[in-house]
There are 2 protein chains.
Amino acid sequence: MEEISDDELIGLSVKDLNKLLKGKDKAEVQILKQRRRTLKNRGYAANCREKRLSQKDILDNEKEQLEKEIHSLQAENAKTQLEVGQMNQTYAALLRFKSRQLQTQTVKSEVS
Amino acid sequence: MEEISDDELIGLSVKDLNKLLKGKDKAEVQILKQRRRTLKNRGYAANCREKRLSQKDILDNEKEQLEKEIHSLQAENAKTQLEVGQMNQTYAALLRFKSRQLQTQTVKSEVS
DNA sequence: ATGATTAGTCAGCAG
DNA sequence: CTGCTGACTAATCAT
């Protein structure tokens, strides 16, 4: 019989494989089918490992994104806090103005 | 010869193993040493798999922590923003007060 | 020699 | 049956 390469064996559909195996020995067919299964498994295993790695990459990236978001939020927070501080200063100045005015009015009404 | 169990074989140091193997056939010794190596490898592989899993767990946990931190920062931000809003209201009221006062003063100085 | 990691193999489960 | 995954083995790398 003609030798069939791993790649060919993997590439063939079961149907085509059966066509190719028409008049063969049953034992021989079994052996070939087993070889096909094994080759497929080899691919599945490689696939499985690759998937494992890419999922780790995904996790790493997600983590990195979250860290960026944290930094962004921290910056935003700091900015807002600064804003609050400035407002407090303005607020204090206005309060001083207000109490000065009230005092003046009081004095005026006292003399009137 | 007496059979030695996997656990025993794994547990023995090379030294003790050699003692035990004093008068043995060289081929037999080689086979036993290979069995020992294989058993050790089995353990290493299991260890490797476990490590892989625990590292994934670590990543997952870190991710979860980061998400918690994000939520915390978001809450903090919202709170501060609210504070800013309230301050803006007070600020606006004070500003109204201030301009009213200034107006009054202006009027008074005009009539005087 | 020892331990860790990778690729291939098989068993066994899921669809 | 096809595809995936856990565990085992052997080969290989590093210490």
Side-chain angles (χ1 to χ4, degrees), chain A residues 1-70, chain B residues 1-70:
Chain A
M1 86 172 270
E2 323 152 17
E3 286 303 317
I4 183 170
S5 78
D6 287 355
D7 288 346
E8 286 171 317
L9 185 51
I10 260 187
L12 286 173
S13 70
V14 177
K15 222 168 212 176
D16 293 344
L17 184 59
N18 284 333
K19 250 181 246 168
L20 214 71
L21 257 44
K22 276 276 173 60
K24 302 285 180 183
D25 202 345
K26 275 208 169 162
E28 197 177 346
V29 168
Q30 264 325 300
I31 289 176
L32 209 68
K33 291 219 167 181
Q34 180 50 44
R35 178 156 79 99
R36 184 183 142 90
R37 173 67 168 164
T38 298
L39 289 171
K40 291 271 194 180
N41 275 333
R42 189 181 306 173
Y44 300 147
N47 202 29
C48 185
R49 279 164 191 141
E50 221 179 297
K51 181 182 172 185
R52 200 188 290 140
L53 292 180
S54 70
Q55 282 178 337
K56 187 194 174 292
D57 280 354
I58 289 175
L59 270 184
D60 282 340
N61 289 337
E62 285 174 343
K63 222 186 108 182
E64 204 180 337
Q65 282 308 310
L66 292 176
E67 271 161 0
K68 277 186 195 167
E69 194 171 346
I70 285 178
Chain B
M1 86 171 267
E2 323 152 14
E3 286 303 318
I4 182 170
S5 78
D6 288 354
D7 288 347
E8 286 171 316
L9 186 50
I10 258 188
L12 288 172
S13 70
V14 177
K15 222 168 212 177
D16 293 344
L17 185 60
N18 284 334
K19 251 181 247 170
L20 213 73
L21 257 45
K22 276 273 174 59
K24 303 286 181 182
D25 202 346
K26 276 209 167 160
E28 198 178 343
V29 168
Q30 263 325 300
I31 288 176
L32 208 68
K33 291 219 167 184
Q34 179 51 44
R35 179 155 80 97
R36 184 183 143 88
R37 174 65 169 164
T38 299
L39 289 172
K40 290 270 194 182
N41 276 334
R42 190 180 305 172
Y44 302 145
N47 204 30
C48 188
R49 266 173 265 134
E50 219 180 303
K51 181 182 173 186
R52 203 183 286 141
L53 291 180
S54 69
Q55 281 178 338
K56 187 194 173 291
D57 281 354
I58 290 175
L59 270 184
D60 282 340
N61 289 338
E62 284 174 343
K63 216 185 116 183
E64 204 180 337
Q65 283 309 309
L66 291 177
E67 271 162 2
K68 277 186 194 167
E69 193 170 346
I70 284 179

A.B. asks: Reading DNA chain C from 5' to 3', where do the contacts with chain B start and stop? Cut-off is 4.0 Å to heavy atoms.
C.D. replies: C/dA1 to C/dT5
A.B. asks: For the CG atom of A/Leu9 and the CG atom of A/Leu32, what is their distance to the nearest 0.5 Å?
C.D. replies: 5.0 Å
A.B. asks: Run the side chain to side chain contact (heavy atoms under 4.5 Å, CB included) test against B/Ile70 and tell me which residues pass, sequence neighbours left out.
C.D. replies: A/Leu66, A/Glu69, A/Ile70, A/Leu73, B/Gln74
A.B. asks: Nearest 0.5 Å please: distance from the CG atom of A/Leu59 over to the CG atom of B/Leu59.
C.D. replies: 5.5 Å
A.B. asks: Tell me which pairs pass salt bridge (charged side-chain N to carboxylate O under 4.0 Å, His left out) where either residue lies in residues 34-52 of chain B, with sequence neighbours left out.
C.D. replies: B/Asp6-B/Arg35
A.B. asks: Among residues at least two apart in sequence or on other chains, which ones pass side chain to side chain donor-acceptor pair (under 3.5 Å) with A/Asp25?
C.D. replies: none
A.B. asks: In residues 48-56 of chain A, what residues come within less than 4.0 Å of DNA chain D, judged by heavy atoms?
C.D. replies: A/Cys48, A/Lys51
A.B. asks: Can you tell me the distance, in whole Å, between the CG atom of B/Asn47 and the C1' atom of D/dC8?
C.D. replies: 15 Å
A.B. asks: Rounded to whole angstroms, how far apart are CZ on B/Arg36 and C1' on D/dA10?
C.D. replies: 18 Å
A.B. asks: Mind jotting down which residue pairs meet the salt bridge (charged side-chain N to carboxylate O under 4.0 Å, His left out) criterion with at least one end in residues 54-67 of chain A? Sequence neighbours excluded, please.
C.D. replies: A/Lys56-A/Asp60, A/Glu62-B/Lys63, A/Lys63-B/Glu62
A.B. asks: Mind checking what makes side chain to side chain contact (heavy atoms under 4.5 Å, CB included) contact with B/Asp16, not counting sequence neighbours?
C.D. replies: B/Leu12, B/Ser13, B/Lys19
A.B. asks: Return the set of residues passing side chain to side chain contact (heavy atoms under 4.5 Å, CB included) with B/Ser54 (not counting sequence neighbours), or none when no residue passes.
C.D. replies: none
A.B. asks: Can you list everything that forms a side chain to side chain contact (heavy atoms under 4.5 Å, CB included) with B/Asn47? Sequence neighbours excluded, please.
C.D. replies: none
A.B. asks: Checking B/Gln65 against B/Asn61 for the side-chain contact (heavy atoms from CB on, under 4.5 Å) test, could you report, in this order, the C-alpha distance in whole Å, the side-chain angles of both residues, the deciding distance, and whether it holds?
C.D. replies: CA-CA 6 Å; B/Gln65 283 309 309; B/Asn61 289 338; 5.6 Å; no
A.B. asks: What integer distance in Å separates A/Leu39:CG from D/dT2:C1'?
C.D. replies: 15 Å
A.B. asks: What pairs of nitrogen or oxygen atoms, one from the protein and one from nucleotides 11-14 of chain D, lie under 3.5 Å apart?
C.D. replies:
residue, atom, partner, partner atom, Å
D/dT12, O4, B/Arg37, NH2, 3.3

A.B. asks: What is the distance from CD of A/Gln30 to C1' of D/dC1, rounded to the nearest Å?
C.D. replies: 13 Å
A.B. asks: Indicate yes or no: at least one non-hydrogen side-chain atom of A/Lys33 is less than 4.5 angstrom from one of A/Val14.
C.D. replies: yes
A.B. asks: Once you apply a heavy-atom cut-off of 4.0 Å, does B/Arg35 come out as touching a base, just sugar-phosphate, or nothing?
C.D. replies: nothing
A.B. asks: Starting at CD1 of B/Ile10 and ending at P of D/dC8, how long is that distance when rounded to a whole Å?
C.D. replies: 11 Å
